[in-house]
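All values reported here derive from a predicted model rather than from experimental measurement. Below, chain A is the first sequence line, B the second, and so on; all start at residue 1.
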Amino acid sequence: MTQSAKPVLRFAPSPTGMLHIGGARTALFNWLYARHTGGTFLLRIEDTDKERSTPEAVAAILNGMRWMGLDWDGREVFQAARAGRHQEVAQALLAAGRAYRCYATAEELTAMREEQKKAGQQMRYDGRWRDRDPREAPDGAPFVVRLRADTEGETIVHDQVLGDVRFANAQMDDMVLLRSDGSPTYMLAVVVDDFDMGITHVIRGADHLNNAGRQLQIINAMGWPVPVYGHLPLINGPDGAKLSKRHGALAVEAYRDMGYLPETMRNYLLRLGWSHGDDEIIPTAQAIEWFNLESIGKSAARMDFKKLDNLNGHYIRITADETLVAEAVAFLERENPPRILSDKARARLLAAMPGVKERAKTLLELIQGAEFLYTDGVRVLDEAAAKLLGPEARALLAAALPALEATDWCGPALEAAARAHAEAGGLKLGQVAQPLRAALTGKASSPPLFEMMASLGREESLIRLRAYTA
RNA sequence: GUUCCCAUCGUCUAGCGGUUAGGACGCGGCCCUCUCAAGGCUGAAACCGGGGUUCAAUUCCCCGUGGGAGCACCA
């Protein structure tokens, strides 16, 4: 197969904000398809809106992509830098009679729309300069360049996700290609860039579906090849309404800070709108192997944090202990002020990790649940732990201590000692274990007690236990 | 308003004319158990409504209803 026969995909965000969850999914699908087919995945920054585009947003998007593990091929393309080429195409269209100059003023157009709205019609440009002689325009008056779009027949978008979507040409107006200051509009820029970059597949959010019809008109006017389109249903918030900041339209970094793993995000976002039978756990390598355009769903999906949590718990559990320690350390160092773990603290965390990771849904939960491991000294009891350490329990703890002190400081031996002590006193293991747990961790629940005692070490454990023996 | 898209358990979805409508998350119960998880078993839970087409519609068509997106010299 030749290079040119392979698909060329692109992700084309506008740098007006963070990379949010919807954009991340669009990027993921493009990336997966490119990697699945052995094609190319390009990144184009659509920064033609000088007012709203910022370098910070560009950096945020790039960082978000990197965190998500979505690597793009080649250097990113900046759309604004290509304005000259866009104008060239507009001029070609003008020369070919496929575009014309429109001298209508902003006020004029606003008035036109007002009337259309009043009449209950669709608001669109009425083509008032389409066939008018440009010489009728006042000397030196500003003008925009508009496409001379077909007025009859229909434009059909052959969408891989939605099927054929038809637009009556009579419904579409002559869109602006070049603004009065000569700068290209998004509609023109997208088409020209996709063509120049050799894009074969345009996979993007369904909010662009209507644009596809209009862009097709430009493509046809230029006689360029039509890319394969695929419009992805949008992601809604948990309540079905548009995704807002409050319920998940957050920067992907926010998900990182909440303690979600990139692998989780890829798996979750993939399943939001794409399926492979009954499969739920789909690691990225498997996703690349399986991904296709046919299995993308048509309906909008909602963000479900419960499912995200469940999936994240799974990926945390299967992540290597060493990796998790590194993640936790990085997480703590990002805190304000940063918390730096000593070697001893790291060693304890690593030793205890098998038990710790079993019960964390996020990295945040993991570090919170493991705090007793990487901090020293007597515990401050939370409410539930305090209840477990009443006078009676403290006496019990004091009585059990000698038995523990006498054994080897390893999980099985400690457990055996505690069990023997409990049985001798006619108690159940839990009655002895709970006060121990409370004194050791400051909480009523924790990873397996005796393993934790072993991870903590004899000295540190005894300091904590003795503090609550009276 | 207008153009376009969508519609299976609460949520994500499987289904591609004939199924006891399946799985996952969440929820309930049981088991396991030093707590909490995890895990295993198990229960409740869905085809938006109305017309067609067909021997047969969740599935195909139309209408309605509901949700969403677009309608800029924004992208």
Checklist entry - What are the two closest non-hydrogen atoms of A:Ala413 and A:Asp408, and how far apart are they? => result CB-O, 3.5 Å

Next on the checklist: For the residue pair A:Thr155 / A:Asn169, report whether a side-chain donor-acceptor contact shorter than 3.5 Å exists.
Outcome noted: yes

Checklist entry - With rounding to whole Å, what would you report as the distance between B:G26 and B:C32 at their P atoms? => result 22 Å

Item to check | Base partner of B:C48, which must satisfy Watson-Crick or wobble distances under 3.5 Å | outcome: B:G64

Checklist entry - How about A:His86 and A:Asp193: does a side-chain donor come under 3.5 Å of a side-chain acceptor? => result yes

Next on the checklist: For A:Tyr255 and A:Phe305, take the angle between the two ring planes, folded into 0 to 90°, and tell me which bin it lands in: parallel under 30, tilted 30 to 60, perpendicular over 60.
Outcome noted: parallel

Checklist entry - Across the strands shown, which category fits A:Ala104 at heavy-atom distances under 4.0 angstrom: base, sugar-phosphate, nothing? => result base

Item to check | G-U wobble or Watson-Crick pairing nucleotide for B:G43 (cut-off 3.5 Å, both distances) | outcome: B:C27

Next on the checklist: Classify A:Gly273 by what it touches in the nucleic acid, base, sugar-phosphate, or nothing, heavy-atom distance under 4.0 Å.
Outcome noted: sugar-phosphate

Checklist entry - So what does A:Ser275 touch, heavy atoms closer than 4.0 Å: a base, only the sugar-phosphate, or nothing? => result sugar-phosphate

Checklist entry - Touch check for A:Ser445, heavy atoms < 4.0 angstrom, all strands: base, sugar-phosphate only, or nothing? => result base

Next on the checklist: Nearest heavy atom decides the nucleotide; on that basis, is A:Lys117 or A:Ser183 closer to the 5' end of RNA chain B?
Outcome noted: A:Lys117

Next on the checklist: Should the side chain of A:Asp47 and the base of B:A75 be counted as holding a donor-acceptor pair, with the cut-off at 3.5 Å?
Outcome noted: no

Checklist entry - Using purine N1 to pyrimidine N3 plus N6-O4 or O6-N4 for Watson-Crick, or N1-O2 and O6-N3 for G-U wobble, each under 3.5 Å, what pairs with B:U54? => result none

Checklist entry - P atom, B:G52 versus B:G70: distance in rounded Å? => result 38 Å

Checklist entry - Contact class for A:Ser53 (heavy atom, under 4.0 Å): base, sugar-phosphate, or nothing? => result nothing

Item to check | Least distance between heavy atoms, A:Ser461 atom then A:Trp409 atom | outcome: CB-CZ2, 3.3 Å

Item to check | Touch class at under 4.0 angstrom, heavy-atom based, for A:Leu449 against every strand present | outcome: base

Next on the checklist: A cation-pi test, strictly: NZ or CZ of A:Arg25 under 6.0 Å from the centre of the six-membered ring of A:Phe29 and no more than 45 degrees from its axis. Yes or no?
Outcome noted: yes

Checklist entry - Looking across every strand, which nucleic acid part, if any, lies under 4.0 Å from A:Val144 by heavy atom: base, sugar-phosphate, or nothing? => result base

Item to check | Between A:Arg214 and A:Gln217: side-chain donor-acceptor atoms closer than 3.5 Å | outcome: no

Item to check | Identity of whatever pairs with B:U2 - Watson-Crick or G-U, under 3.5 angstrom | outcome: B:G70

Checklist entry - Heavy atoms under 4.0 Å, any strand shown: does A:Arg204 hit a base, just sugar-phosphate, or nothing? => result nothing

Checklist entry - Base, sugar-phosphate, or nothing: which does A:Arg113 touch, judged by heavy atoms less than 4.0 Å apart? => result sugar-phosphate

Next on the checklist: What's A:Tyr268 touching, base or sugar-phosphate or nothing? Going by heavy atoms closer than 4.0 Å.
Outcome noted: nothing

Next on the checklist: Give me the distance, rounded to whole Å, that separates B:C9 from B:C4 when you measure between the C1' atoms they each carry.
Outcome noted: 29 Å

Checklist entry - Taking N and O atoms by type only, does the side chain of A:Lys307 place a donor or acceptor under 3.5 Å from a partner on the base of B:C12? => result yes

Item to check | Donor-acceptor under 3.5 Å (A:Arg266 side chain, A:Met68 main chain) | outcome: yes

Next on the checklist: Students often get this wrong, so: under 4.0 angstrom with heavy atoms, is A:His276 touching a base, only sugar-phosphate, or nothing?
Outcome noted: nothing

Next on the checklist: Classify A:Ser446 by what it touches in the nucleic acid, base, sugar-phosphate, or nothing, heavy-atom distance under 4.0 Å.
Outcome noted: base

Next on the checklist: Over all strands shown, is A:Pro448 touching base, sugar-phosphate only, or nothing at heavy-atom distances under 4.0 angstrom?
Outcome noted: base

Please produce a list of atom pairs where a protein N or O lies less than 3.5 Å from an N or O of nucleotides 16-21 of chain B.
none

Checklist entry - For B:U59, which nucleotide is its Watson-Crick or G-U wobble mate, given both distances must be under 3.5 Å? => result none

Checklist entry - How would you label the contact of A:Arg302 with the nucleic acid (heavy atoms, under 4.0 Å): base, sugar-phosphate, or nothing? => result sugar-phosphate

